[in-house]
Amino acid sequence: MTSTTKDIPTKYRFSFGPWNISEGADPFGPDVRQAFPHEEKFALYQPLGFDGVQFHDDDVVPDLDGQSPAQMLAQAAQVKSMLANQGLVPEFVAPRLWFSPHTIDGAYTANAEEDRAYAWDRTKKSIDIARALDCKAIVLWLAREGSYARESKNAREAYIRLHDTVNAMLDYDREIEIWIEPKPNEPTDQAYVPTIGHAIALAYASSDPARVKGLIETAHALLAGLDPSDEMAFALAHDKLGSVHLNDQNGLKYDQDKNFGASNLRTAFNQVRVLEEAGYGSKGEFIGLDVKTFRTQQGCPVTAHLKNSRAIFLHLVEKVRTWNRDLERQCIAARDYEELELQVLRHLMGVGGVG
Ligand code: GLO
Ligand code: MG
(Lines give C-alpha, C1' and ligand atoms only; values in the text may rest on other atoms or scores of the structure.)
(Ligands and ions follow the chains in the order given, each with its own letter.)
Protein backbone atom coordinates (compact mmCIF):
# COMPACT_ATOMS: atom_id res chain seq x y z
CA MET A 1 0.00 0.00 0.00
CA THR A 2 1.23 3.47 -0.74
CA SER A 3 0.46 6.29 1.54
CA THR A 4 -0.80 9.55 0.18
CA THR A 5 -1.20 11.10 3.60
CA LYS A 6 0.76 14.31 3.71
CA ASP A 7 3.32 14.48 6.41
CA ILE A 8 1.85 16.16 9.43
CA PRO A 9 4.66 17.81 11.35
CA THR A 10 2.89 17.71 14.70
CA LYS A 11 5.08 16.42 17.45
CA TYR A 12 2.73 15.45 20.20
CA ARG A 13 3.16 16.52 23.81
CA PHE A 14 1.75 14.28 26.51
CA SER A 15 0.31 14.95 29.95
CA PHE A 16 -1.18 13.06 32.87
CA GLY A 17 -2.29 13.86 36.40
CA PRO A 18 -0.56 12.56 39.52
CA TRP A 19 -3.77 10.71 40.44
CA ASN A 20 -3.05 8.37 37.54
CA ILE A 21 -0.43 6.75 39.75
CA SER A 22 -2.63 5.26 42.43
CA GLU A 23 -2.81 2.67 45.13
CA GLY A 24 -5.55 0.53 43.66
CA ALA A 25 -8.43 1.01 46.11
CA ASP A 26 -11.89 0.43 44.65
CA PRO A 27 -15.39 0.48 46.19
CA PHE A 28 -14.90 -3.17 47.22
CA GLY A 29 -11.45 -3.12 48.72
CA PRO A 30 -8.68 -1.01 50.15
CA ASP A 31 -5.31 0.01 48.73
CA VAL A 32 -3.26 -2.85 47.33
CA ARG A 33 -0.06 -0.93 46.62
CA GLN A 34 2.11 1.25 48.76
CA ALA A 35 1.56 4.97 48.25
CA PHE A 36 4.26 6.63 46.20
CA PRO A 37 5.03 10.10 47.60
CA HIS A 38 3.09 12.67 45.65
CA GLU A 39 5.96 15.14 45.40
CA GLU A 40 8.22 12.45 43.93
CA LYS A 41 5.84 11.71 41.07
CA PHE A 42 7.04 14.73 39.09
CA ALA A 43 10.47 13.20 38.53
CA LEU A 44 8.76 10.33 36.70
CA TYR A 45 7.26 12.48 33.96
CA GLN A 46 10.18 13.21 31.63
CA PRO A 47 11.62 9.68 31.63
CA LEU A 48 8.18 8.37 30.67
CA GLY A 49 7.94 10.84 27.77
CA PHE A 50 5.53 13.32 29.38
CA ASP A 51 6.04 17.01 30.00
CA GLY A 52 2.56 18.24 30.89
CA VAL A 53 1.10 17.99 34.39
CA GLN A 54 -2.63 17.96 34.97
CA PHE A 55 -3.35 19.27 38.44
CA HIS A 56 -6.20 19.25 40.87
CA ASP A 57 -5.95 22.38 43.00
CA ASP A 58 -4.94 20.30 46.03
CA ASP A 59 -2.29 18.41 44.04
CA VAL A 60 -0.57 21.80 44.04
CA VAL A 61 -1.58 22.87 47.55
CA PRO A 62 -2.30 19.88 49.80
CA ASP A 63 -4.98 20.51 52.45
CA LEU A 64 -6.07 23.55 50.48
CA ASP A 65 -9.09 24.27 52.68
CA GLY A 66 -6.81 24.52 55.71
CA GLN A 67 -4.34 26.98 54.20
CA SER A 68 -4.30 30.76 54.43
CA PRO A 69 -4.10 32.70 51.13
CA ALA A 70 -0.43 33.47 51.82
CA GLN A 71 0.40 29.81 52.56
CA MET A 72 -1.45 28.79 49.43
CA LEU A 73 0.52 31.18 47.21
CA ALA A 74 3.84 30.25 48.81
CA GLN A 75 3.18 26.57 48.15
CA ALA A 76 2.12 27.30 44.55
CA ALA A 77 5.35 29.26 44.03
CA GLN A 78 7.33 26.24 45.21
CA VAL A 79 5.53 23.96 42.81
CA LYS A 80 6.15 26.44 40.01
CA SER A 81 9.90 26.31 40.54
CA MET A 82 9.84 22.52 40.94
CA LEU A 83 8.10 22.29 37.54
CA ALA A 84 10.64 24.59 35.95
CA ASN A 85 13.50 22.50 37.39
CA GLN A 86 11.98 19.31 36.04
CA GLY A 87 11.25 20.84 32.60
CA LEU A 88 7.50 20.40 33.08
CA VAL A 89 4.49 22.53 32.15
CA PRO A 90 1.23 22.78 34.13
CA GLU A 91 -1.52 21.94 31.66
CA PHE A 92 -4.49 22.85 33.82
CA VAL A 93 -5.75 23.22 37.37
CA ALA A 94 -9.09 21.64 38.31
CA PRO A 95 -10.99 22.54 41.49
CA ARG A 96 -11.57 19.28 43.35
CA LEU A 97 -15.21 19.76 44.16
CA TRP A 98 -16.13 16.23 45.15
CA PHE A 99 -14.22 15.44 48.37
CA SER A 100 -15.33 17.99 50.92
CA PRO A 101 -18.32 17.57 53.29
CA HIS A 102 -19.55 20.72 51.50
CA THR A 103 -19.82 18.93 48.13
CA ILE A 104 -21.86 15.88 49.12
CA ASP A 105 -24.90 17.25 47.30
CA GLY A 106 -22.97 18.85 44.47
CA ALA A 107 -21.00 22.07 44.32
CA TYR A 108 -22.33 24.90 42.14
CA THR A 109 -25.70 23.13 42.01
CA ALA A 110 -25.91 22.04 45.65
CA ASN A 111 -29.22 22.84 47.27
CA ALA A 112 -27.64 24.50 50.33
CA GLU A 113 -26.48 28.06 49.82
CA GLU A 114 -23.48 27.62 52.10
CA ASP A 115 -22.32 24.65 50.01
CA ARG A 116 -22.58 26.71 46.83
CA ALA A 117 -20.60 29.45 48.56
CA TYR A 118 -17.88 26.92 49.45
CA ALA A 119 -17.72 25.81 45.80
CA TRP A 120 -17.29 29.36 44.57
CA ASP A 121 -14.64 30.12 47.16
CA ARG A 122 -12.72 26.98 46.23
CA THR A 123 -13.01 27.85 42.54
CA LYS A 124 -11.48 31.28 43.12
CA LYS A 125 -8.62 29.58 44.97
CA SER A 126 -8.08 27.24 42.01
CA ILE A 127 -7.89 30.20 39.67
CA ASP A 128 -5.42 31.94 42.00
CA ILE A 129 -3.30 28.79 42.04
CA ALA A 130 -3.40 28.53 38.25
CA ARG A 131 -2.28 32.16 37.99
CA ALA A 132 0.55 31.53 40.41
CA LEU A 133 1.70 28.63 38.22
CA ASP A 134 1.35 30.66 35.00
CA CYS A 135 -1.24 28.21 33.82
CA LYS A 136 -4.09 29.48 31.68
CA ALA A 137 -6.61 26.65 31.89
CA ILE A 138 -9.12 25.60 34.52
CA VAL A 139 -10.79 22.23 34.02
CA LEU A 140 -14.29 21.77 35.35
CA TRP A 141 -15.04 18.13 35.80
CA LEU A 142 -18.51 18.65 37.25
CA ALA A 143 -18.34 15.49 39.33
CA ARG A 144 -21.35 15.83 41.62
CA GLU A 145 -23.37 18.33 39.60
CA GLY A 146 -26.33 16.09 39.03
CA SER A 147 -28.74 14.02 41.00
CA TYR A 148 -29.31 10.65 42.59
CA ALA A 149 -33.03 11.30 42.94
CA ARG A 150 -34.08 13.47 40.05
CA GLU A 151 -36.76 15.25 42.07
CA SER A 152 -34.11 16.40 44.57
CA LYS A 153 -33.01 19.33 42.41
CA ASN A 154 -34.45 21.73 39.93
CA ALA A 155 -32.48 20.89 36.78
CA ARG A 156 -33.37 24.11 35.00
CA GLU A 157 -32.12 26.13 37.94
CA ALA A 158 -29.01 23.94 38.08
CA TYR A 159 -28.10 24.78 34.49
CA ILE A 160 -28.59 28.46 35.23
CA ARG A 161 -26.30 28.14 38.26
CA LEU A 162 -23.64 26.48 36.12
CA HIS A 163 -23.98 29.21 33.53
CA ASP A 164 -23.66 31.92 36.18
CA THR A 165 -20.58 30.21 37.63
CA VAL A 166 -18.88 30.08 34.25
CA ASN A 167 -19.52 33.79 33.78
CA ALA A 168 -18.32 34.60 37.28
CA MET A 169 -15.09 32.71 36.60
CA LEU A 170 -14.56 34.55 33.32
CA ASP A 171 -15.06 37.81 35.21
CA TYR A 172 -12.81 36.85 38.09
CA ASP A 173 -9.88 36.36 35.73
CA ARG A 174 -9.82 37.96 32.30
CA GLU A 175 -7.27 35.55 30.84
CA ILE A 176 -8.08 32.03 31.94
CA GLU A 177 -9.82 29.53 29.74
CA ILE A 178 -12.39 27.14 31.17
CA TRP A 179 -12.38 23.60 29.79
CA ILE A 180 -15.50 21.67 30.75
CA GLU A 181 -15.00 17.89 31.00
CA PRO A 182 -18.38 16.25 30.48
CA LYS A 183 -19.34 12.90 31.97
CA PRO A 184 -22.83 11.39 31.94
CA ASN A 185 -22.80 9.56 35.28
CA GLU A 186 -20.66 8.45 38.22
CA PRO A 187 -20.46 9.54 40.94
CA THR A 188 -23.99 10.83 40.35
CA ASP A 189 -26.73 8.84 38.69
CA GLN A 190 -27.49 11.59 36.17
CA ALA A 191 -25.07 14.42 35.47
CA TYR A 192 -26.13 17.87 34.32
CA VAL A 193 -23.48 18.29 31.63
CA PRO A 194 -23.34 14.79 30.18
CA THR A 195 -21.87 15.45 26.72
CA ILE A 196 -19.66 17.87 24.85
CA GLY A 197 -22.78 19.28 23.20
CA HIS A 198 -23.99 20.47 26.60
CA ALA A 199 -20.55 21.90 27.40
CA ILE A 200 -20.39 23.79 24.13
CA ALA A 201 -23.88 25.16 24.60
CA LEU A 202 -22.68 26.55 27.94
CA ALA A 203 -19.64 28.01 26.18
CA TYR A 204 -21.70 29.86 23.58
CA ALA A 205 -24.14 31.07 26.22
CA SER A 206 -21.30 32.48 28.32
CA SER A 207 -20.11 36.07 28.39
CA ASP A 208 -16.87 35.19 26.55
CA PRO A 209 -17.40 32.11 24.35
CA ALA A 210 -13.82 32.15 23.01
CA ARG A 211 -12.54 31.29 26.51
CA VAL A 212 -14.84 28.36 27.22
CA LYS A 213 -14.00 25.01 25.66
CA GLY A 214 -14.24 21.31 26.36
CA LEU A 215 -12.04 18.47 27.46
CA ILE A 216 -13.22 15.16 26.06
CA GLU A 217 -12.48 11.91 27.82
CA THR A 218 -12.84 8.76 25.70
CA ALA A 219 -14.48 6.73 28.46
CA HIS A 220 -16.98 9.45 29.29
CA ALA A 221 -18.17 9.65 25.68
CA LEU A 222 -18.49 5.86 25.55
CA LEU A 223 -20.46 5.86 28.80
CA ALA A 224 -22.89 8.27 27.13
CA GLY A 225 -23.24 5.79 24.27
CA LEU A 226 -21.44 8.14 21.89
CA ASP A 227 -18.45 7.79 19.62
CA PRO A 228 -15.51 9.70 21.15
CA SER A 229 -14.08 10.53 17.73
CA ASP A 230 -17.35 12.17 16.66
CA GLU A 231 -17.48 14.03 19.96
CA MET A 232 -13.94 15.29 19.38
CA ALA A 233 -14.77 16.22 15.79
CA PHE A 234 -17.77 18.22 17.03
CA ALA A 235 -15.62 20.20 19.47
CA LEU A 236 -12.88 20.68 16.88
CA ALA A 237 -15.39 22.01 14.35
CA HIS A 238 -16.19 24.75 16.89
CA ASP A 239 -12.50 25.28 17.68
CA LYS A 240 -13.35 24.22 21.22
CA LEU A 241 -11.25 21.19 22.03
CA GLY A 242 -9.10 22.43 24.90
CA SER A 243 -7.74 18.98 25.72
CA VAL A 244 -8.44 15.26 25.70
CA HIS A 245 -8.33 12.48 28.25
CA LEU A 246 -7.53 9.45 26.17
CA ASN A 247 -8.33 6.11 27.77
CA ASP A 248 -10.81 3.31 27.10
CA GLN A 249 -13.95 1.71 28.44
CA ASN A 250 -15.35 -1.78 28.00
CA GLY A 251 -19.08 -1.17 27.65
CA LEU A 252 -21.54 0.45 29.97
CA LYS A 253 -20.28 -0.12 33.48
CA TYR A 254 -18.31 1.82 36.09
CA ASP A 255 -15.78 4.33 34.75
CA GLN A 256 -12.82 2.12 33.94
CA ASP A 257 -10.10 4.44 32.62
CA LYS A 258 -8.52 1.55 30.76
CA ASN A 259 -5.45 1.93 28.59
CA PHE A 260 -6.00 3.79 25.35
CA GLY A 261 -7.10 1.33 22.66
CA ALA A 262 -7.27 -1.63 25.04
CA SER A 263 -10.96 -2.36 24.45
CA ASN A 264 -11.86 -0.46 21.30
CA LEU A 265 -8.87 -0.31 19.02
CA ARG A 266 -10.76 0.92 15.96
CA THR A 267 -12.44 3.62 18.00
CA ALA A 268 -8.99 4.65 19.25
CA PHE A 269 -7.70 4.74 15.66
CA ASN A 270 -10.56 7.04 14.74
CA GLN A 271 -9.87 9.40 17.64
CA VAL A 272 -6.27 9.71 16.49
CA ARG A 273 -7.43 10.15 12.88
CA VAL A 274 -9.78 12.99 13.83
CA LEU A 275 -7.13 14.71 15.96
CA GLU A 276 -4.50 14.39 13.24
CA GLU A 277 -6.79 15.64 10.48
CA ALA A 278 -7.64 18.73 12.51
CA GLY A 279 -3.99 19.47 13.32
CA TYR A 280 -4.73 19.08 17.03
CA GLY A 281 -1.57 19.74 18.99
CA SER A 282 -0.16 22.33 16.62
CA LYS A 283 -1.20 25.13 18.99
CA GLY A 284 0.43 23.42 21.95
CA GLU A 285 -2.57 21.31 22.99
CA PHE A 286 -1.60 18.23 24.94
CA ILE A 287 -2.47 14.60 24.43
CA GLY A 288 -3.74 14.08 27.95
CA LEU A 289 -4.16 10.61 29.39
CA ASP A 290 -6.48 9.70 32.24
CA VAL A 291 -5.71 6.02 32.78
CA LYS A 292 -5.78 3.70 35.74
CA THR A 293 -3.69 0.58 36.08
CA PHE A 294 -5.27 -2.75 37.02
CA ARG A 295 -5.78 -3.43 40.70
CA THR A 296 -3.72 -6.57 40.15
CA GLN A 297 -0.63 -4.64 39.09
CA GLN A 298 2.28 -4.89 41.48
CA GLY A 299 5.08 -2.47 42.22
CA CYS A 300 5.53 1.07 43.40
CA PRO A 301 5.27 3.36 41.57
CA VAL A 302 3.15 1.77 38.83
CA THR A 303 3.65 3.56 35.53
CA ALA A 304 3.44 0.90 32.79
CA HIS A 305 -0.13 1.92 31.92
CA LEU A 306 1.03 5.47 31.18
CA LYS A 307 3.97 4.35 29.10
CA ASN A 308 1.84 1.80 27.25
CA SER A 309 -1.06 4.14 26.49
CA ARG A 310 1.37 6.70 25.13
CA ALA A 311 3.02 4.01 22.99
CA ILE A 312 -0.33 2.84 21.63
CA PHE A 313 -1.23 6.44 20.76
CA LEU A 314 2.02 6.82 18.81
CA HIS A 315 1.51 3.48 17.02
CA LEU A 316 -1.92 4.69 16.00
CA VAL A 317 -0.46 7.97 14.73
CA GLU A 318 1.69 5.81 12.48
CA LYS A 319 -1.39 3.85 11.40
CA VAL A 320 -3.20 7.07 10.55
CA ARG A 321 -0.23 8.43 8.61
CA THR A 322 0.20 5.24 6.60
CA TRP A 323 -3.50 4.73 5.92
CA ASN A 324 -4.06 4.58 2.18
CA ARG A 325 -6.04 7.72 1.43
CA ASP A 326 -6.28 6.92 -2.32
CA LEU A 327 -8.01 3.72 -1.50
CA GLU A 328 -10.23 5.54 0.96
CA ARG A 329 -11.21 8.05 -1.73
CA GLN A 330 -11.92 5.28 -4.24
CA CYS A 331 -14.14 3.41 -1.79
CA ILE A 332 -16.01 6.57 -0.94
CA ALA A 333 -16.44 7.53 -4.61
CA ALA A 334 -17.80 4.05 -5.37
CA ARG A 335 -19.93 4.16 -2.19
CA ASP A 336 -18.37 0.82 -1.32
CA TYR A 337 -18.24 1.12 2.45
CA GLU A 338 -17.96 -2.66 2.87
CA GLU A 339 -14.61 -2.47 1.12
CA LEU A 340 -13.67 0.63 3.09
CA GLU A 341 -14.33 -1.13 6.37
CA LEU A 342 -12.43 -4.25 5.32
CA GLN A 343 -9.41 -2.15 4.38
CA VAL A 344 -9.47 -0.27 7.68
CA LEU A 345 -9.53 -3.58 9.58
CA ARG A 346 -6.73 -5.04 7.43
CA HIS A 347 -4.67 -1.92 8.00
CA LEU A 348 -5.18 -2.12 11.76
CA MET A 349 -4.28 -5.80 11.79
CA GLY A 350 -1.16 -5.14 9.77
CA VAL A 351 -2.37 -7.29 6.88
CA GLY A 352 -0.93 -5.55 3.84
CA GLY A 353 -2.31 -5.43 0.32
CA VAL A 354 -5.82 -5.06 -1.03
CA GLY A 355 -8.45 -7.79 -1.22
C1 GLO B 1 -13.21 11.27 36.44
C2 GLO B 1 -12.51 12.31 35.70
C3 GLO B 1 -11.34 12.89 36.47
C4 GLO B 1 -10.98 14.23 35.90
C5 GLO B 1 -9.95 14.92 36.74
C6 GLO B 1 -9.60 16.29 36.21
O7 GLO B 1 -14.00 10.53 35.93
O8 GLO B 1 -12.09 11.83 34.46
O9 GLO B 1 -10.26 12.02 36.45
O10 GLO B 1 -10.49 14.10 34.62
O11 GLO B 1 -10.45 15.02 38.04
O12 GLO B 1 -10.56 17.20 36.55
MG1 MG C 1 -10.83 12.67 32.98
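Computation of the quantities below employed the complete heavy-atom set of this structure, encompassing side-chain atoms and omitting hydrogens, waters and symmetry-equivalent molecules. First listed ligand is number 1; within each ligand, the first listed atom is number 1.
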Under 6.0 Å between ring centres, would you say that holds for Y45 and F16? yes
Q: Check if R96 has a non-hydrogen atom at a distance under 4.0 Å from any atom of ligand 1.
A: no
Query raised in the report: With a 4.0 Å cut-off on heavy atoms, is H56 touching ligand 1?
Result: yes
Part of [X] within contact of ligand 1 (heavy atoms, under 4.0 Å):
X    : value
F55  : neither
E186 : neither
D255 : side chain
K183 : side chain

Are any of the side-chain nitrogens in [X] or [Y] under 4.0 Å away from the carboxylate oxygens of its partner?
X    : Y    : result
R144 : D105 : no
R329 : D326 : yes
E157 : K153 : no
E91  : R13  : no
D128 : K124 : no

Under 4.0 Å from a heavy atom of [X]: which atoms of ligand 1 are those, numbered in the order shown and with their elements?
X    : result
W98  : 11 (O)
V139 : 12 (O)
H245 : 10 (O)
A94  : 12 (O)

Notebook entry, point to check: Can you find an N or O of W141 that's nearer than 3.5 Å to an N or O of ligand 1?
Noted result: no
For the Mg ion (ligand 2), angle spanned by D290 OD2 and E181 OE2 (nearest 10°) is 170°
Rounded to 10°, the OE1/E217 to the Mg ion (ligand 2) to ND1/H245 angle comes out at 110°
- [ ] Check whether NZ of the Lys or CZ of the Arg R266 lies under 6.0 Å from the centre of the six-membered ring of F269 and within 45 degrees of that ring's axis.
- [x] no
NZ or CZ of R161 within 45° of Y108 ring axis and under 6.0 Å: no
Here the pair of heavy atoms bringing L223 nearest to L252 is O-CD2, 3.6 Å
The option among E217, E181, H220 carrying the non-hydrogen atom nearest to atom 10 (O) of ligand 1 is E181
Ranked by distance from atom 3 (C) of ligand 1, the top protein heavy atom is D290 OD2, 3.6 Å
Notebook entry, point to check: F14 vs F313 aromatic rings, parallel, tilted or perpendicular, using cut-offs 30° and 60°?
Noted result: perpendicular
